[in-house]
Amino acid sequence: KAVMTPEALIITSDFELCHMVRLAVERFGITAAIALSPADALQQLARNKFDLVVVDCSNLEHGCAALRKMRLNPTHRSAVSIAIVLDRDHTRYVCDSGANFVVAHATYETEVPCTLRSAYGLVLRERGRYNRFPLAGTVLVRAGGSQRTAQLLNISQGGICISGISEPISGTVQLRLSLEDGRAPLAMSGNVVWQREQRVGVQFTSMPKASRTELDTWLAAQFDAQSKAHRPALPLGPKEGFEPLDLSRTSAPTNPGGIHPIVTAIIRGGPVRARCSGCQATIALGNTIGTALEQERKLREAFVAHVQEKHHTELAEVLAASANASTS
C-alpha cells in the first residue's frame, strides 16, 4: 500500500525554531523528524527517505555542509529543501549548496507557512516518486541467456515487483514494459533483491533518460490523483501564520471588524506569544502554559482584555449593531 503522508526532517539545535517549524510542517499533514546536529541528520538521511528537509543555517557553514551532503545522497537528490538564514545576503550561497527555498530567521514564523504552501505540490511530487503503485500488464525479463514474460504487480521510482517466475533468478536483469496501453515501452536494468512465492523484487540500477522521465511523470500523476482525497486544508497564507484558536464560544464580542489573535509561538513550559491581527500588537499571555484548554482560556481572556483596551471604538460599534439587530 502506498504511504500517502510526506515526511520532513528538521535540522536545528534551536528549540524554539524547531518547535515552530514542526508546528507549521505538521499543519500541512507532513510528518516531522528532528535532527539536533549535522551528524544526527546524516544518520537519519541514510536510514530514511524524507521528502522535505528544513535546515537551520544560523551557523552558515554547518547548515550548508548539511545541504551539500544531503544532495550527494541519491535518495535525497531531489528532496525539497528550505534553508533558514540569518542574513539574506547569504541566499545565493545556500541555494548553491542545495536549498530550494530561503527564509529569513527574523521572520521565519510567518515565512515558513507561506513557503510550505508554495512548496507543498513539490513535496507531494517527491513523495509520489517513492510510493509503490499497482501496475497491470506484462513485463519482458531477460536474465543471463534466458528470456521470459512475467506479470506486473507494482512499481516505484526505485524498483518493481513482478510475479509468475517460479525458477530462481539472481543478479542483474533487463526489463521491458509499458506503464499503460498505448504508452511507449520503458527499458531498465536492475538487481534482484528478493524472490518468494513466484514473486520477484527488482531494484533499478539504470535506465535511459527518456524512460526515467516517463516513469517519474507517471508516478507523480498517480500520487497526485491518490492524494487529492487525503490532502489537508492548507493554511491560507503568511498573515494568518499559525492559526488562531477558536474564540467564538466566548459570550462577549471579541472580534470586532474581524480582528483576531494570531498565535506565533506555543512553547511547552516556556514563553507564549500572540499578536493582534488588527494593530499587530503583542498580546501578553504569561511566561508558562499548561494544557491546551488552559492555553485556550488564557488566550481568550488576554484577547478580550486587549480588545477592550485597544479597540474599544470597534467594540462599541459591534455592540451597538448587535443591540439594533435584537430590537428590530
Side-chain angles (χ1 to χ4, degrees), residues 5-12 14-34 50-58 60 63-64 66-67 70 78-128 224 227-228 230-246 255 258-267 271-283 299:
T5 305
E7 298 186 33
L9 178 65
I10 303 169
I11 306 173
T12 182
D14 183 327
F15 177 77
E16 182 173 345
L17 185 148
C18 174
H19 180 88
M20 296 299 294
V21 172
R22 183 171 188 169
L23 180 64
V25 163
E26 291 179 345
R27 292 197 58 214
F28 280 77
I30 301 172
T31 301
I34 309 300
F50 296 100
D51 313 291
L52 171 67
V53 179
V54 183
V55 182
D56 178 8
C57 292
S58 297
L60 186 63
C64 288
L67 285 166
M70 177 196 73
S78 58
V80 180
S81 61
I82 300 174
I84 301 176
V85 298
L86 289 175
D87 190 339
R88 285 283 192 184
D89 290 341
H90 296 147
T91 296
R92 178 66 180 272
Y93 185 54
V94 296
C95 286
D96 289 344
S97 298
N100 301 115
F101 299 88
V102 179
V103 169
H105 192 283
T107 54
Y108 75 85
E109 293 174 0
T110 53
E111 279 196 70
V112 166
C114 183
T115 302
L116 286 172
R117 186 173 179 83
S118 300
Y120 187 67
L122 298 175
V123 173
L124 286 184
R125 184 182 180 91
E126 181 67 13
R127 168 53 53 177
D224 188 63
S227 63
K228 283 181 179 178
H230 301 274
R231 291 186 185 183
L234 299 186
L236 298 178
K239 286 192 176 181
E240 280 78 356
F242 298 92
E243 201 69 15
L245 298 175
D246 180 13
N255 58 338
I259 297 172
H260 60 269
I262 302 171
V263 177
T264 59
I266 304 176
I267 311 300
V272 178
R273 294 198 303 273
R275 66 174 181 270
C276 174
S277 66
C279 64
Q280 298 299 309
T282 298
I283 303 171
L299 178 55

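Worth knowing before you read on, the calculation uses all heavy atoms, side chains too, and leaves out hydrogens, waters and symmetry mates. Start at 1 with the first residue, then count along the sequence.
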*Distance-minimising heavy-atom pair for Gly98 and Met70*: O-CE, 4.4 Å

*His105: ring-ring contact (aromatic ring centres under 6.0 Å, His included) partners, not counting sequence neighbours*: Tyr108

*Where do Ile84 and Ala104 come nearest, in terms of heavy atoms and distance?*
CG2-C, 4.4 Å

*Would you please name every residue forming a side-chain hydrogen bond (donor to acceptor under 3.5 Å, both in side chains) with Ser81, sequence neighbours left out?*
Arg71, Asn100

*Any donor-acceptor pair under 3.5 Å from Arg88 side chain to Val102 backbone*: yes

*Using salt bridge (charged side-chain N to carboxylate O under 4.0 Å, His left out) as the criterion, list what pairs up with Asp87, not counting sequence neighbours.*
none

_Just to verify, what does Thr91 make a side-chain hydrogen bond (donor to acceptor under 3.5 Å, both in side chains) with, not counting sequence neighbours?_
none

*Ala33: partners by side chain to side chain contact (heavy atoms under 4.5 Å, CB included), with sequence neighbours left out*: Leu9, Gln44, Phe50

*Steps toward side chain to side chain contact (heavy atoms under 4.5 Å, CB included) verdict (Val112, Val25)*: CA-CA 9 Å; Val112 166; Val25 163; 5.6 Å; no

_Separation between CD of Glu26 and OG1 of Thr31, rounded to the nearest 0.5 Å_ = 7.5 Å

*asked:* Show, in sequence, the C-alpha distance, side-chain angles and deciding distance for Val103 and Ile82, and conclude whether the side chain to side chain contact (heavy atoms under 4.5 Å, CB included) test is met.
replied: CA-CA 7 Å; Val103 169; Ile82 300 174; 3.9 Å; yes

*Can you list the residues that meet the side chain to side chain contact (heavy atoms under 4.5 Å, CB included) rule with Ala119, with sequence neighbours excluded?*
Val80, Phe101

*Nearest atoms (heavy-atom pairs only) where Asp51 meets Pro6*: OD2-CA, 3.3 Å

*asked:* With rounding to the nearest 0.5 angstrom, report the CG to CD distance, Leu23 to Glu109.
replied: 10.5 Å

*Looking at side-chain heavy atoms only, is the closest gap between Val94 and Leu60 below 4.5 Å?*
yes

*asked:* For Ser58, give me all partners under side-chain hydrogen bond (donor to acceptor under 3.5 Å, both in side chains), at least two apart in sequence or on another chain.
replied: Asp56

*asked:* Quick check: closest heavy atoms across Gly63 and Val55, and the distance to 0.1 Å?
replied: O-CG1, 3.6 Å

_So, using side chain to side chain contact (heavy atoms under 4.5 Å, CB included) as the criterion, who are the partners of Cys18 when residues are at least two apart?_
Thr12, Ile34

_Distance-minimising heavy-atom pair for Tyr120 and Phe28_ = CE1-O, 3.4 Å

*asked:* Nearest 0.5 angstrom please: Arg22 CZ to Leu17 CG, how far?
replied: 13.5 Å

